Amino acid sequence: MTKYRLRPMTEADLELVLYWRNHSEVRRYMYTTHEIGFDEHRKWFAGARRNPAVDLMIYESEGKARGFVNITRTRCKEVADWGFYLSPDAPKGTGRSLGSQALVYAFGQLGLHKVCGQALGFNERSIAFHKALGFMEEGRLRDQHFDGNDFHDVVCLGLLKCEWQIKDKGLNNE
Ligand SMILES: CC(C)(COP(=O)(O)OP(=O)(O)OC[C@H]1O[C@@H](n2cnc3c(N)ncnc32)[C@H](O)[C@@H]1OP(=O)(O)O)[C@@H](O)C(=O)NCCC(=O)NCCS
């Protein structure tokens, strides 16, 4: 049996993904931090599923769903934004595996040229995570996001396919 895989999200995943998304340790790092209700969540999923530019994926490890990845190509077919979060009880190291699998899918299956990420300035874990996967910090949008109380920087990160290929080869040789 494959130890891990990425597969499309289905309606059967809705409850679990909502539980992850509403968890305080996920929600605090998102642009919208209110508790999402099931109806709002179902509408979001229905809309995203109809959109051919959006891929909603579930990362599974040893048969258990452990994380969610969203790859959206809104600018053009070759450049995508991604977002992700893990199950709050996912073991250490799950993020790196989810990220690696998602990039194989993005650059391999989707044939992308570039993957972009955005992290709130205080989300140091996500910024370090992007850099560990080979992303470059491309800019910092100062006080770009207001959470209702405070302004936060938004850090823009980007990874080109050619950079990923070099990084990937390096990792395989380690
Ligand atoms: C970001 C996230 C996916 C990382 O997953 P993870 O399982 O913690 O990551 P891993 O253990 O695989 O670590 C991968 C890299 O992330 C970084 N990282 C992980 N935990 C970290 C921490 N506590 N502090 C700083 N960097 C950290 C490191 O660079 C690490 O590489 P290293 O182990 O070689 O140092 C996960 O924490 C998460 O879902 N966070 C909440 C949602 C979120 O912030 N999503 C992104 C929005 S932009």
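All values derive from a computational prediction rather than experimental measurement. Note that ligands are numbered from 1 as they come in the structure, with each ligand's atoms numbered from 1 the same way.
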| Carboxylate-amine/guanidinium proximity below 4.0 Å for R49 and E11 |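 Answer for the salt bridge query: yes.
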| query | Using 4.0 Å as the upper bound for N to carboxylate O, is an ion pair formed by D81 and R75? | reply |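 Yes, this pair counts.
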| In Å, rounded to the nearest 0.5 Å, how long is the span from OH of Y19 to NE2 of H41? |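 Rounded to the nearest 0.5 Å, the OH-NE2 separation comes to 13.5 Å.
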| request: Taking only heavy atoms of the protein into account, state which residues are under 4.0 angstrom from an atom of ligand 1, in chain and number order. | output: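 Shell around ligand 1 (4.0 Å, heavy atoms): E25, Y29, M30, F84, Y85, L86, K92, G93, T94, G95, R96, Q118, A119, N123, R125, S126, A128, F129, A132.
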| message | Does anything in residues 13-26 form a salt bridge (charged side-chain N to carboxylate O under 4.0 Å, His left out)? List the pairs, not counting sequence neighbours. | response |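 Output for this query lists R7-D13, E25-R28.
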| task | Kindly give the cluster partners of V79, where membership spreads through any ILVMFWY side chain lying under 4.5 Å from a current member. | result |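 Via sub-4.5 Å side-chain contacts, V79 links to none.
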Name each donor-acceptor pair under 3.5 Å that joins a side chain in residues 129-140 to protein atoms two or more places apart or in another chain, with its distance.
residue, atom, partner, partner atom, Å
H130, ND1, S126, O, 2.8
H130, ND1, S126, OG, 3.4
H130, NE2, W82, NE1, 3.0
K131, NZ, E137, OE1, 2.9
E138, OE1, K114, NZ, 3.2
E138, OE2, K114, NZ, 3.2
R140, NH1, D153, OD2, 3.0

